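Presented below is the structure to which this report refers.
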Amino acid sequence: MRSRIVGLFLGVGTGFIFAWARLTDPAVIRNMLLLREADVFLFMGCAALVAGIGARLLRRSGAHALVTNEPIGWIVERPRASTVIGSVLFGAGWSIAATCPGPMAVMIGEGQVAGAVVVAGMIAGLTLQRAVVKKLAARPLTAVSS
Amino acid sequence: MTRCPWYLAGPLFGLIIVGLRATLNKPLTGLGCYIDLAEHVATPQRLGYRAFMLFGFVIGGALFAATLGSFHFSLEYGTAGEVLPAALGAQVPLLLLGGALMGFGARTAGGCTGGHGMSGTSLGSPASFAATATFMATAVLLSHLYKLL
């Protein structure tokens with residue numbers, strides 16, 4: 001229950017910041033993608049910088065997570081083919097809708113209900129991906145004879 | 001209300017990511033929020049913190065609109081920089097397609113602009129740097145291509 005409250009609280013903060021920074025305006029994202037303004041790139045860079053410093057300070061101090069009591073730590077992964085293939089598809093979708101997963105939900109809260117259409121597509125896409133992966137995993141291996 | 005400048009909004013969002021690390025030792029990922037919702041919507045008692053974070057996104061948008069912004073109910077999406085058609089009926093299939101590509105792609109890649117682009121890169125993940133470079137390059141390239149068509 002406490003983790004849900006934390007999620008809700010931090011989600012409200014995220015939604016407020018995204019709306020205030022106008023990340024919910026597809027025209028702003030398009031200007032970013034057309035390299036007409038650097039604000040969103042700088043936003044992302046600053047967020048990553050602060051998050052990186054904060055996470056490392058927490059880990060170095062030997063802190064434990066306040067709710068889960070886990071020692072603060074993480075594992076990083078090497079890129080795989082799926083990382084690149086999936087990112088190409090994600091980038092293609094991003095270029096069409098000019099919004100991404102966080103801001104599209106915030107749009108709904110601001111009253112821009114068309115954002116719900118993108119959300120519906122997003123949920124359909126990730127559900128379909130799961131089904132495709134399951135189907136491929138269940139496919140019987142066929143012997144190849146020379 | 002004027003737009004919050006990047007040098008204020010960026011660090012504030014960075015602190016949100018740190019807050020999630022400090023409380024739950026988890027990365028902030030938009031994709032994970034949707035997966036949580038999609039997989040547990042039929043059994044709400046199993047919804048995790050990520051689904052609640054997604055609800056928070058919506059509430060945060062409403063809170064901004066009700067305080068510093070201006071709430072107005074609108075069916076219009078806009079042309080997203082003169083790329084989408086103006087008519088809502090013609091926009092819907094494209095918005096569904098855009099969303100579906102993002103959902104399918106992000107789950108295949110293991111993250112999106114939040115999970116890879118900010119959380120993962122902040123931790124120095126090579127996969128996140130590869131993903132971010134790839135989806136940024138793809139979206140920038142295609143956006144320029146749309147302008148030529």
Side-chain angles (χ1 to χ4, degrees), chain A residues 3-4 6-8 11-13 15-17 19-22 26 30 33 39 42-43 46-48 50-52 54-55 65-67 70 76-77 79 82-84 86-98 100-102 105-106 108-111 114 117-118 121-123 125-126 129, chain B residues 3-4 6 9-14 16-18 21 23-25 30 38 49 52-53 56-62 64-65 71-74 77 80-81 95-96 98-109 112-114 118 121-123 125-127 130-131 134-135 138-140 142-143:
Chain A
S3 64
R4 288 174 168 183
V6 168
L8 185 68
V12 170
F16 194 94
I17 293 165
W20 193 12
R22 287 188 56 208
R30 182 68 64 199
L33 296 177
D39 292 43
L42 292 166
F43 165 89
C46 276
V50 170
L66 294 172
V67 173
E70 290 173 24
V76 295
E77 292 181 1
S82 60
T83 311
V84 175
S87 295
V88 168
L89 294 174
F90 179 81
W94 191 22
S95 75
I96 294 171
C100 50
V106 183
I108 300 169
E110 286 187 292
V117 178
V118 193
M122 171 95 189
I123 291 174
L126 63 88
Q129 194 272 356
Chain B
R3 179 178 171 189
C4 183
W6 59 267
L12 282 175
F13 183 56
I16 297 262
I17 300 174
V18 175
R21 181 64 61 189
T23 49
L24 304 178
N25 190 37
Y49 78 92
F52 277 77
M53 181 166 266
F57 291 170
V58 180
I59 296 167
F64 172 79
F71 185 87
H72 59 278
F73 180 80
S74 170
Y77 193 82
L95 293 177
L96 280 172
L101 283 169
M102 281 191 275
F104 196 102
R107 198 164 198 181
T108 304
C112 57
T113 36
M118 288 179 274
T121 55
S122 76
L123 301 176
S125 164
T134 305
F135 64 62
T138 305
V140 166
L142 287 174
S143 287

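Keep in mind that this is a model prediction, so the values were computed, not measured. So that the names make sense, note that chain A is the first sequence line, chain B the second, and so on, each numbered from 1.
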Please confirm whether the backbone N or O of Q129(A) pairs with a side-chain atom of R107(B), one donor and one acceptor, at under 3.5 Å?
-> no
Just so I understand: if I count every heavy-atom pair under 4.5 Å between each of [options] and chain A, which residue has the most?
{"options": "V18(B), L142(B), T113(B), L123(B)", "value": "L123(B)"}
{"options": "A38(B), A131(B), G114(B)", "value": "A131(B)"}
{"options": "A62(B), A139(B), G98(B)", "value": "A139(B)"}
{"options": "V140(B), T23(B), I17(B), T138(B)", "value": "T23(B)"}
{"options": "L24(B), L96(B), I59(B)", "value": "L24(B)"}
{"options": "G30(B), A65(B), A80(B)", "value": "A80(B)"}

Mind checking salt bridge (charged side-chain N to carboxylate O under 4.0 Å, His left out) for R21(B) and listing every partner two or more places apart, or none if nothing turns up?
-> none
Partners of S95(A) by side chain to side chain donor-acceptor pair (under 3.5 Å), sequence neighbours excluded?
-> Y146(B)
Which portion of L42(A) sits near chain B, non-hydrogen atoms under 4.5 angstrom | both
Chain B contact via V117(A) - side chain, backbone, both or neither, heavy atoms under 4.5 Å = both
Heavy-atom side-chain proximity of [X] to [Y] below 4.5 angstrom:
{"X": "W20(A)", "Y": "R3(B)", "value": "no"}
{"X": "Y77(B)", "Y": "L95(B)", "value": "yes"}
{"X": "M102(B)", "Y": "L126(A)", "value": "no"}
{"X": "R30(A)", "Y": "S143(B)", "value": "yes"}

For the interface with chain B, which of [options] has the highest count of heavy-atom pairs at distances below 4.5 Å?
{"options": "G121(A), G52(A), A48(A)", "answer": "G121(A)"}
{"options": "A55(A), G15(A), G91(A), S87(A)", "answer": "S87(A)"}
{"options": "V76(A), L33(A), I17(A)", "answer": "L33(A)"}
{"options": "S82(A), G54(A), A92(A)", "answer": "S82(A)"}
{"options": "A98(A), G102(A), A97(A)", "answer": "A97(A)"}

What are the two closest heavy atoms between A9(B) and A21(A), and how far apart are they?
-> CB-CB, 3.9 Å
For the residue pair F64(B) and F16(A), does the interplanar ring angle fall in the parallel (under 30°), tilted (30 to 60°) or perpendicular (over 60°) class?
->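 F64(B) and F16(A): perpendicular rings.
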